[in-house]
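Lettering of chains follows the sequences in order, A, B, ..., and the numbering in each one begins at 1.
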Protein chains: 2
Amino acid sequence: MEPELRHLRYFVAVAEELHFGRAAVRLRMAQPPLSQQIRQLEAMIGTPLFVRTSRSVALTPAGEAYLDRCRRVLATVADDVHEAGRIGRGEQGRFDIGFVSSAIQLGLAGPIRRFRERHPAVHLRLHEAYTAHIVDRLLNGEVDLGVVRDADDHDDLVGTTFATESFVAVLPADHPHAGDLAIDAAVLRDDPFVFFPRVAGERAYQRNLRPCLEAGYTPKIVQDATSWATVAHLVAAGLGVTIAPASISAVVPASVGVVPLTGTEAATEVQILRRRQDDRITSTGFEAAGRAS
Amino acid sequence: MEPELRHLRYFVAVAEELHFGRAAVRLRMAQPPLSQQIRQLEAMIGTPLFVRTSRSVALTPAGEAYLDRCRRVLATVADDVHEAGRIGRGEQGRFDIGFVSSAIQLGLAGPIRRFRERHPAVHLRLHEAYTAHIVDRLLNGEVDLGVVRDADDHDDLVGTTFATESFVAVLPADHPHAGDLAIDAAVLRDDPFVFFPRVAGERAYQRNLRPCLEAGYTPKIVQDATSWATVAHLVAAGLGVTIAPASISAVVPASVGVVPLTGTEAATEVQILRRRQDDRITSTGFEAAGRAS
DNA sequence: GGTCATCCGTATCCTTGAGATATGGAACCC
DNA sequence: GGGTTCCATATCTCAAGGATACGGATGACC
């Protein structure tokens, strides 16, 4: 037979009181069953823990040592319960955020800093990726929060808007409109386009195309690239033009022209996404931190 | 309601099988009461330990952490029973020493032998681990003595110096300085470094960096490894160089160069640590054995 | 796509054993 | 020697742990 924590709790009580009657009172039970449980424990261990005369109770050396161990075990068990609870509530443990790179340019660092202050016991890990990948990883639990661009709606996810941006044209230095203050997307009708890959996120792709579609044409995409920074450099190298969220200006080389678009209401949105059932304060709280920025 | 060891045993079984049916077989009981006990445990903790679909069972992060704790508790409870039994039979219990591997090279075997001679009835158990882990285990009572490197100060622990070492450079055979009699850390400024993981012990990490910092640079760490022996072999394989306590020379492959460092007073210290309130002769006496060596 | 097998949960019943009550016996006090 | 204290023994009760039967959901297979 194996001991249960009950045996340890009873043993500690008797060892501390050195009196079965008082220990029973403290444990809110009668004295005989307490004696019985202690006997069971002694039988399991194979040695007496107390020397009893009918007038006094004292610990044996084995009992002395075992008392110390039992206190530790009981404290550990209680601690472990609390720790697991904290992890479950998100107050401790790991927290993984997937984000699109442009979120940094839009001020994601602030909410991240506040998160670290608010939850110092949480090990925060940041993963840069595409919107579509982040949504997948959010759904299968690889990340706990996604900061994404124009994600498709999903029943299991809820989100809030983190930032909204308009689109700008990015043109090589020698492009006729590179110095303009603003242009209409229509003027780029015949230009070759560099673009980001469609698999990065369907909705973001569609929204990014909108200025062109509204101007009545589908851009001729000659090349795609894996990040806006790369796109910008390919534009600089003369492969073509592009239309991108305004925050691209933070990563373009000096030699390219960044020109606001007129005649379109098209906009793109960076959102903070979490799983609908995920009610940990680390997840729900991040949105508030985002809004506060 | 408080958990019982039964709950922990059941939880571990399900966590290991990831299957309620098989776990129930292993526990020689029916599956429904097992599910019920797990639910009870989750209610007590306040957070789910498993995510169940009707096809699969998986641990939550909280469950993951709790599994580890439960295994420890169950092992401890079993050990404690045996220890108390031994004491009852006239043996003197167990004594657990946590030590960093390099302590062996520095002559820990001597004090250990003397300890055994002095306390033949004590069951001595040795646990190799990192400094940081040993300190944790010392504090929570899992070990009674720690032999650690450059531990952070702690109010509840007292320690004595066991050995002091200087640092040496460890270089691959084809490194230009591999045959030198001594070098300054500055010459390794541009070399890639292999290092031991920071989590092993913050203070040891800082001290180990000192020769480089004094030479005015932060080493470019390209790889870390879980033991100095591994580090040495990675150096031999040409991944980079390292700076390590002098005792690493006992575990380096023949093909690498071990070169003393000049121009630095940086040193590292191996300490014997015990709990401040622990005044058992087995604990306090070990220090004397250390000094005698 | 419909049937089947798998697997976890729910509902109900049963049985074990923890705990209560009553009592006994040894030690100490006066 | 009677009274008191205190732990052990004996018997009983009932809560709770465990078993059995069944249902619903999901993935597999033909």
Side-chain angles (χ1 to χ4, degrees), chain A residues 1-60 62-63 66-67 70 74 77 139-141 155-156 276-277, chain B residues 1-45 47-60 62-63 66-67 70 74 77:
Chain A
M1 186 176 164
E2 307 241 327
E4 284 294 330
L5 289 182
R6 179 184 59 253
H7 295 109
L8 309 200
R9 286 189 273 261
Y10 293 179
F11 168 65
V12 170
V14 176
E16 282 175 357
E17 300 285 345
L18 290 178
H19 191 292
F20 281 76
R22 281 198 298 276
V25 170
R26 188 168 122 187
L27 294 166
R28 301 169 174 234
M29 63 188 290
Q31 167 263 315
L34 176 57
S35 292
Q36 172 189 317
Q37 293 291 316
I38 297 293
R39 287 202 159 279
Q40 274 188 19
L41 181 60
E42 289 174 321
M44 293 184 274
I45 291 175
T47 199
L49 296 168
F50 296 105
V51 276
R52 312 134 156 95
T53 70
S54 64
R55 296 306 290 176
S56 74
V57 176
L59 282 165
T60 60
Y66 196 59
L67 173 60
C70 287
L74 293 173
V77 168
L139 288 169
N140 70 24
D155 285 345
D156 296 336
R276 187 178 295 278
Q277 336 80 294
Chain B
M1 187 174 162
E2 307 241 326
E4 285 294 331
L5 289 182
R6 178 184 58 254
H7 293 112
L8 309 200
R9 286 190 273 261
Y10 293 179
F11 169 64
V12 170
V14 177
E16 282 176 357
E17 300 285 345
L18 288 178
H19 190 293
F20 280 76
R22 279 197 300 276
V25 170
R26 190 168 120 185
L27 295 166
R28 308 185 165 210
M29 64 189 289
Q31 169 261 316
L34 177 58
S35 293
Q36 173 190 316
Q37 294 291 316
I38 297 292
R39 287 198 161 282
Q40 274 188 18
L41 181 61
E42 289 175 320
M44 292 184 274
I45 291 175
T47 200
L49 297 167
F50 295 106
V51 274
R52 314 133 155 95
T53 69
S54 64
R55 295 306 287 179
S56 75
V57 176
L59 282 165
T60 60
Y66 197 59
L67 172 60
C70 287
L74 293 172
V77 169

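- Scanning for salt bridge (Lys or Arg N to Asp or Glu O under 4.0 Å) contacts around A:Arg26 gives A:Glu16, A:Glu17, with sequence neighbours left out.
- If you measure from atom CD of B:Glu2 to atom C1' of D:dA16, you get 17 Å, rounded to the nearest angstrom.
- Computed from coordinates, the B:Arg52 CZ to C:dC7 P distance equals 16 Å when rounded to whole Å.
- Between the CG atom of B:Leu27 and the P atom of D:dA19 there is a distance of 10 Å, given to the nearest Å.
- In this structure, B:Pro48 and B:Ala62 approach most closely via the heavy-atom pair O-CB, 4.3 Å.
- Between A:Gln31 and A:Leu34, the closest side-chain pair of non-hydrogen atoms is not below 4.5 Å.
- Distance CG/A:Leu67 to CG/A:Leu8: 10.5 Å, rounded to 0.5 Å.
- Looking only at side-chain heavy atoms (C-beta outward), A:Phe50 and A:Thr60 stay at 4.5 Å or farther from each other.
- Under the salt bridge (Lys or Arg N to Asp or Glu O under 4.0 Å) criterion, A:Arg9 pairs with B:Glu2, B:Glu4, sequence neighbours left out.
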- Item | Base versus backbone protein contacts along nucleotides 17-24 of chain C [heavy-atom cut-off under 4.0 Å; B, S, -] | -SBBBB--
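- For the helix from C:dG1-D:dC30 to C:dC30-D:dG1, the end axes, each set by the C1' atoms of five terminal pairs, are bent relative to each other by 20° (nearest 10°).
- The nearest whole Å value for the distance from the NE2 atom in A:His19 to the P atom in C:dC28 is 15 Å.
- As a whole-Å value, the separation of A:Glu4 CD from D:dA16 P is 15 Å.
- Listed by first and then second residue, the salt bridge (Lys or Arg N to Asp or Glu O under 4.0 Å) pairs that reach into residues 32-50 of chain A are A:Glu42-A:Arg52, sequence neighbours excluded.
- Nearest heavy-atom pair, B:Ala58 versus B:Leu18, reported as atom, atom and distance to 0.1 Å: CA-CD2, 4.1 Å.
- Between A:Glu17 atom CD and D:dT5 atom P there is a gap of 18 Å when expressed in whole angstrom units.
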- Classify every nucleotide of nucleotides 23-29 of chain D by which part a protein heavy atom approaches to under 4.0 Å, writing B for the base, S for the sugar-phosphate alone and - for neither, in 5'-to-3' order. --BBS--
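- Closest of all the heavy-atom pairs between A:Pro3 and B:Leu5 is O-CD1, 3.4 Å.
- For D:dC7, the OP1/OP2 oxygens have no side-chain nitrogen or oxygen of A:Ser35 closer than 4.0 Å.
- Across the protein-nucleic acid pair, B:Leu34 atom CG and C:dG9 atom C1' stand 12 Å apart, rounded to whole Å.
- To the nearest 0.5 Å, atom CZ of residue A:Phe11 and atom CG of residue A:Leu59 are 5.5 Å apart.
- Results of the side chain to side chain contact (heavy atoms under 4.5 Å, CB included) test with B:His7 over B:Ile38, B:Leu41, B:Val12 single out B:Leu41 as the only residue that passes.
- For the pair A:Ile38 CD1 and D:dC6 C1', the computed distance is 15 Å after rounding to whole Å.
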